[in-house]
Student: 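Shown below is the structure under consideration.
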Amino acid sequence: MSSKILIVAEHDGAKLNPSTAKCVTCARAIDGADITLVVCAVNAAAVAAEAAQLAGVSRVLTLENSANEHALAAVLAPQIAALAEPYSHVFGPSTTFGKDLMARISGLLDAPQVSDIMAVESPTRFRRPIYAGNAILTVEVATGSKVIGTVRTASFAAAAAGGPAPIEKAAVNVELPKHTRFVSISAARSDRPDLQSAARVISGGRALGSAEGFKILYALADKLGAAVGASRAAVDAGYAPNEMQVGQTGKIIAPELYVAIGISGAIQHLTGIKDARTIVAINKDAEAPIFEVADIGLVGDLFQIVPEIERLL
Amino acid sequence: MKRILVGIKRVVDYNVRIRVKPDGSGVVTDGVKMSINPFDEIALEEALRIKERGGAEEVVVVTVGPADCQQQLRTALAMGADRALHVQADGGIEPLVTARVMLKLVEREQPLLVILGKQAIDDDNGQTGQLLAALWNRPQATYASKVELHDGAARVTREVDAGLETLDVDLPAVITTDLRLNEPRYVKLPDIMKAKKKPLDTLTLSALGVEPRVQLKAVSWSPPAQRQKGVLVKDAAELVAALKQKGLL
Ligand SMILES: Cc1cc2nc3c(=O)[nH]c(=O)nc-3n(C[C@H](O)[C@H](O)[C@H](O)COP(=O)(O)OP(=O)(O)OC[C@H]3O[C@@H](n4cnc5c(N)ncnc54)[C@H](O)[C@@H]3O)c2cc1C
């Protein structure tokens, strides 16, 4: 049996987001997967060319429209829904882009969505985390209905380079709403690696005490070529911007190395780092729950330890 | 009347340590503390603040679920909601069904705004707001950390992976809340007494004409893979050495 899978590519207009290559790996785990990627953009050429290089992709469709300049779910969803008819599955990443968009597509198609797919058991059976990752649910989608899915990117490796797959222009005839308008985006520009795809991540918690306190983490991160993350407590307190939050309601990441500094290890935080290869914890409280999951723990004062590590590198 | 509809869900309190039943038929919920989903509490708080600023005249809370959900509706009334709607349904309601119920209530109540949590911390589906917006054919502004209403539109700041995005959406619209939108108020004892007198209406799925379809069948539950507890090192030098040994530096 073959499954026709449509994957909505995430990108910033110029480059493909690494989450898309992970969706491809998830889709390839489905028997007989025939994978189509769709790029919605004003000018899709550069992103489509990149997408066409992913191993396992049969073709790349482009939907070009001046309304696609910003990824507004209300504008993109009707276009994808109009394209979705021949497909058995429509997937996107479990990033804020994908979570916002895919459920709207699910509503338009009246097809159920499986959120945060972490494993594929059959074309209709998937495993996904619930209760902040404290339980894993196996869920079966009723036969005969399309499967909408968001892919938990930390559970899948990126698809390798392959291809190139053919790129085709697609067109849909739908009226796009004007009720939703982009105003602005404020994203901190940083030369550090992207938190979601970095091999090394250094995260700080409430213990850092201030935005100033976080500077010792940035210094260490820069020496290691690492991205910097934060606990919710640190973000709530204004020590770090929201895009740095790691956890159930922040980013779910799977770096090679995760260093938790002055983070207690609340369950909502741990769910974001469970798939890290190696977890290091630095905390002055030997009883902190973070030590239950850390591969390497160091009990002590971070303000003394962190600069010391930096000197030793 | 300028009305805000707020959806709330009864969930296992976020402080409870979740355990999967040994036979894999669910998680243990007997005798555990139940609360309003934290994101929904934030949704209600935002609605109350909008009303207090004069942006709305009535805040209506809605839940879909079994009879004991009325406890959480009472709490919501004590927080300050004006009335409550309980749509009876036995557990396992899918997001698409909940969204259809919400759509029916939207048609009856004609709200200017529907505010929901971005996800419920039990199923972690994160779908209902977007589904409702799609079915209703209205704007959605998910993951809100700031909401301002003016002239038939809302300006919403959203927490997205790249940072903070601001959208203008025409009303009526659906907003889903993120954690930093506000800090919900505490309920005071006299408010709990007053809440007992506020209207709480009960409805059924069949009266609303919504079929409790099952398109997502829960097959089994299992505990997550556990990480092994590792080793402790005594100082920074040992830590760096251990990382080098693992080939991580
Ligand atoms: C619905 C919901 C969703 C949530 N989502 C998330 C999420 O996505 N991500 C998240 O992180 N949290 C989330 N939380 C919050 C979570 O429950 C915790 O409150 C939060 O993770 C705690 O952050 P923290 O570890 O920085 O702070 P704390 O728990 O206060 O821990 C600080 C730690 O620093 C240590 N410390 C203090 N001083 C020093 C020092 N000088 N040197 C070394 N160590 C020191 C202390 O021993 C302590 O262990 C969520 C909560 C809820 C209710």
Student: Anything in residues 130-143 of chain B with a heavy-atom distance to chain A below 4.5 Å? Please list those residues in order.
Tutor: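 Counting heavy atoms that sit under 4.5 Å from chain A, the residues of residues 130-143 of chain B involved are B:Q130, B:L131, B:A133, B:A134, B:L135, B:N137, B:R138, B:P139, B:Q140, B:T142, B:Y143.
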Student: Among A:L257, A:V259, A:I253, A:L224, which one satisfies side-chain contact (heavy atoms from CB on, under 4.5 Å) with A:V201?
Tutor: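 Going through the options one by one, the only one that passes is A:I253.
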Student: Heavy-atom cut-off 4.5 Å, strictly under: side chain, backbone, both or neither for A:D110 against chain B?
Tutor: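 Contact with chain B: backbone and side chain both.
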Student: Less than 4.5 Å to any heavy atom of chain B: does that hold for the side chain of A:A111, its backbone, both, or neither?
Tutor: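 Only the backbone of A:A111 comes within 4.5 Å of chain B.
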Student: So does B:S35 get a backbone contact from the side chain of B:D13, meaning a donor-acceptor N/O pair under 3.5 Å?
Tutor: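 Looks like no, no N/O pair under 3.5 Å.
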Student: Quick check on the interface: out of B:V219, B:D161, B:D124, who has the most heavy-atom pairs with chain A under 4.5 Å?
Tutor: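 Going by pairs under 4.5 Å, I would pick B:D161.
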Student: Is A:F303 atom CZ crowded by more than 12 heavy atoms from other residues, nucleotides or ligands, each under 6.0 Å away?
Tutor: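 Yes, the 6.0 Å shell around CZ holds more than 12 heavy atoms from other groups.
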Student: NZ of A:K223: more than 12 outside heavy atoms within 6.0 angstrom?
Tutor: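 It does: A:K223 NZ has more than 12 such atoms within range.
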Student: Non-hydrogen atoms of chain B under 4.5 Å away: do they reach the side chain of A:D275, the backbone, both or neither?
Tutor: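 Just the backbone, heavy atoms under 4.5 Å.
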Student: Hey, does the side chain of A:K251 reach the backbone of A:E243 with a donor-acceptor pair shorter than 3.5 angstrom?
Tutor: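 Confirmed, A:K251 side chain pairs with A:E243 backbone.
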Student: Picking from B:R19, B:E94, B:R158, which has the most non-hydrogen pairs under 4.5 angstrom with chain A?
Tutor: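 Looking at each option in turn, the highest pair count goes to B:R158.
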Student: So which atom in B:Q215 and which in B:L96 form the shortest heavy-atom distance, rounded to 0.1 Å?
Tutor: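 Taking every non-hydrogen atom into account, OE1-CD1, 3.9 Å.
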Student: Below 4.5 Å from any heavy atom of chain B, which atoms of A:T180 appear? Answer side chain, backbone, both or neither.
Tutor: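 For A:T180, the contact with chain B is made by backbone and side chain together.
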Student: Do B:K9 and B:D122 sit within salt-bridge range, that is, some charged N less than 4.0 Å from a carboxylate O?
Tutor: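 Salt bridge between B:K9 and B:D122, a charged N being under 4.0 Å from a carboxylate O: yes.
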Student: Shorter than 4.5 Å, heavy atoms on both sides: which option in A:V139, A:I136, A:I185, A:I130 has the most such pairs with chain B?
Tutor: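 The answer is A:I136.
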Student: Looking at A:L270, A:V299, A:V306, A:I279, which has the largest count of heavy-atom pairs under 4.5 Å with chain B?
Tutor: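 Option with the top pair count is A:I279.
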Student: Quick check on the interface: out of A:A77, A:A103, A:G107, who has the most heavy-atom pairs with chain B under 4.5 Å?
Tutor: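 So the answer, after comparing A:A77, A:A103, A:G107, is A:A103.
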Student: Under 4.5 Å from any heavy atom of chain B, what part of A:Q248 do you find: side chain, backbone, both or neither?
Tutor: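 Contact with chain B involves both backbone and side-chain atoms of A:Q248.
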Student: Checking heavy atoms, do the side chain of A:L109, its backbone, both or neither come under 4.5 Å from chain B?
Tutor: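 Interface part for A:L109: neither.
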Student: Listed by residue number, which members of residues 103-115 of chain B have a heavy atom under 4.5 Å from any heavy atom of chain A?
Tutor: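 Residues qualifying by a heavy atom under 4.5 Å from chain A are absent, so none.
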Student: Hey, is the main chain of B:G129 close enough, under 3.5 Å, to the side chain of A:R104 for a donor-acceptor pair?
Tutor: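 No; judged by distance alone, with no hydrogens or angles, the pair does not exist.
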Student: Indicate yes or no: does A:D301 engage A:K284 in a salt bridge with an N to O separation below 4.0 Å.
Tutor: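 A salt bridge is absent here (no side-chain N lies under 4.0 Å from a carboxylate O).
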Student: Looking at every non-hydrogen atom in both residues, tell me the closest pair between B:L232 and A:L298 and how far apart they are.
Tutor: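 Answer, listing the atom of B:L232 first, then A:L298: CD2-N, 4.3 Å.
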Student: If you count heavy atoms of other groups shown closer than 6.0 angstrom to CG of B:D90, is the number above 12?
Tutor: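 Not buried by this count: 12 neighbours or fewer within 6.0 Å.
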Student: Check whether A:K274 reaches the backbone of B:P224 with its side chain - one donor and one acceptor, N or O, closer than 3.5 Å.
Tutor: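 The answer is no, because no donor-acceptor pair under 3.5 Å joins these two groups.
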Student: Between A:T96 and B:E159, does the side chain to side chain donor-acceptor pair (under 3.5 Å) criterion hold? Intermediate values first, please.
Tutor: CA-CA 8 Å; A:T96 53; B:E159 293 201 0; over 6 Å; no
Student: Side chain from CB out, backbone as N, CA, C, O: work out which of these in B:Q119 comes under 4.5 Å of a heavy atom of chain A, or both, or neither.
Tutor: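 Only the side chain of B:Q119 comes within 4.5 Å of chain A.
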Student: Which one of A:G250, A:P112, A:A199, A:A281 has the most heavy-atom pairs closer than 4.5 Å to chain B?
Tutor: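 Highest number of pairs under 4.5 Å: A:P112.
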Student: Under 4.5 Å heavy-atom distance to chain A, tell me which part of B:A162 shows up: side chain, backbone, both or neither.
Tutor: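 Both the backbone and the side chain of B:A162 come within 4.5 Å of chain A.
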Student: So which part of B:V27 gets closer than 4.5 Å to some heavy atom of chain A, the side chain, the backbone, both or neither?
Tutor: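 Side chain only.
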Student: Is A:L195 in contact with chain B via its backbone, its side chain, both, or neither, using a 4.5 Å heavy-atom distance?
Tutor: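 For A:L195, no heavy atom lies under 4.5 Å from chain B.
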Student: For A:E69, does the CD atom sit with more than 12 other heavy atoms under 6.0 Å from it, leaving out its own atoms?
Tutor: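 No - once you tally the heavy atoms of other residues, nucleotides and ligands closer than 6.0 Å, there are 12 at most.
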Student: Could you tell me whether A:R152 and A:D116 have a side-chain N and a carboxylate O separated by less than 4.0 Å?
Tutor: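 Salt bridge between A:R152 and A:D116, a charged N being under 4.0 Å from a carboxylate O: no.
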Student: Whether the side chain of B:N125 engages the backbone of B:Q127 through a donor-acceptor N/O pair (distance < 3.5 Å, no angle test) should be reported.
Tutor: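 Not at all, since once roles are kept as given, no pair shorter than 3.5 Å links the two residues.
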Student: Please determine, among B:L179, B:T176, B:L243, the option with the most heavy-atom pairs under 4.5 Å with chain A.
Tutor: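 Highest number of pairs under 4.5 Å: B:L179.
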Student: Test B:W221 against A:T138 for side-chain contact (heavy atoms from CB on, under 4.5 Å), laying out the working first.
Tutor: CA-CA 6 Å; B:W221 285 257; A:T138 302; over 6 Å; no
Student: Is B:R17 close to chain A through its backbone or its side chain, or both, or neither, when contacts mean heavy atoms under 4.5 Å?
Tutor: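 No part of it gets close to chain A.
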Student: For the atom pair CZ (B:F39) and CD1 (B:I8), what is the distance rounded to the nearest 0.5 Å?
Tutor: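 So the CZ of B:F39 and the CD1 of B:I8 are separated by 15.5 Å.
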Student: I'd like to know which of B:L239, B:V240, B:V20 tops the heavy-atom pair count under 4.5 Å against chain A.
Tutor: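 Sorted descending by pairs with chain A, the first entry is B:L239.
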Student: So what's closer than 4.5 Å to chain A heavy atoms on B:P223: side chain, backbone, both or neither?
Tutor: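 Contact with chain A: backbone only.
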Student: Shorter than 4.5 Å, heavy atoms on both sides: which option in B:G230, B:A242, B:S220 has the most such pairs with chain A?
Tutor: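 Among the listed options, the one with the most contacts to chain A is B:S220.
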Student: If you tally heavy-atom pairs under 4.5 Å against chain B, which of A:Q268, A:R200, A:H179 wins?
Tutor: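 Top option by heavy-atom pairs under 4.5 Å: A:H179.
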Student: At a heavy-atom distance under 4.5 Å, which candidate from A:G297, A:A74, A:A142 has the highest pair count against chain B?
Tutor: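 Option with the greatest count: A:G297.
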Student: Tell me, for A:V280 versus chain B, whether the close heavy atoms (under 4.5 Å) come from the side chain, the backbone, both or neither.
Tutor: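 Side chain of A:V280 only, per the 4.5 Å heavy-atom cut-off to chain B.
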Student: Carefully, step by step, assess B:V11 and B:Q72 under the rule side-chain contact (heavy atoms from CB on, under 4.5 Å).
Tutor: CA-CA 9 Å; B:V11 297; B:Q72 279 64 41; over 6 Å; no
Student: Go through the atoms of B:K234 and report whether side chain, backbone, both or neither lie under 4.5 Å from a heavy atom of chain A.
Tutor: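 Backbone of B:K234 only, per the 4.5 Å heavy-atom cut-off to chain A.
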Student: May I ask you to decide whether A:R125 forms a salt bridge with A:E140, counting only side-chain N to carboxylate O separations under 4.0 Å?
Tutor: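 Result for this pair is yes, salt bridge flagged.
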Student: When rounded to the nearest 0.5 angstrom, what is the spacing between OG in B:S222 and CZ in A:R127?
Tutor: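 Spacing of OG (B:S222) from CZ (A:R127) equals 4.5 Å.
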Student: Looking at A:R128 and A:S115, would you say the former's side chain and the latter's main chain have a donor-acceptor pair under 3.5 Å?
Tutor: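 Such a contact is found between A:R128 side chain and A:S115 backbone.
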Student: So which of B:T166, B:D235, B:L167 has the biggest tally of heavy-atom pairs under 4.5 Å with chain A?
Tutor: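 That would be B:T166.
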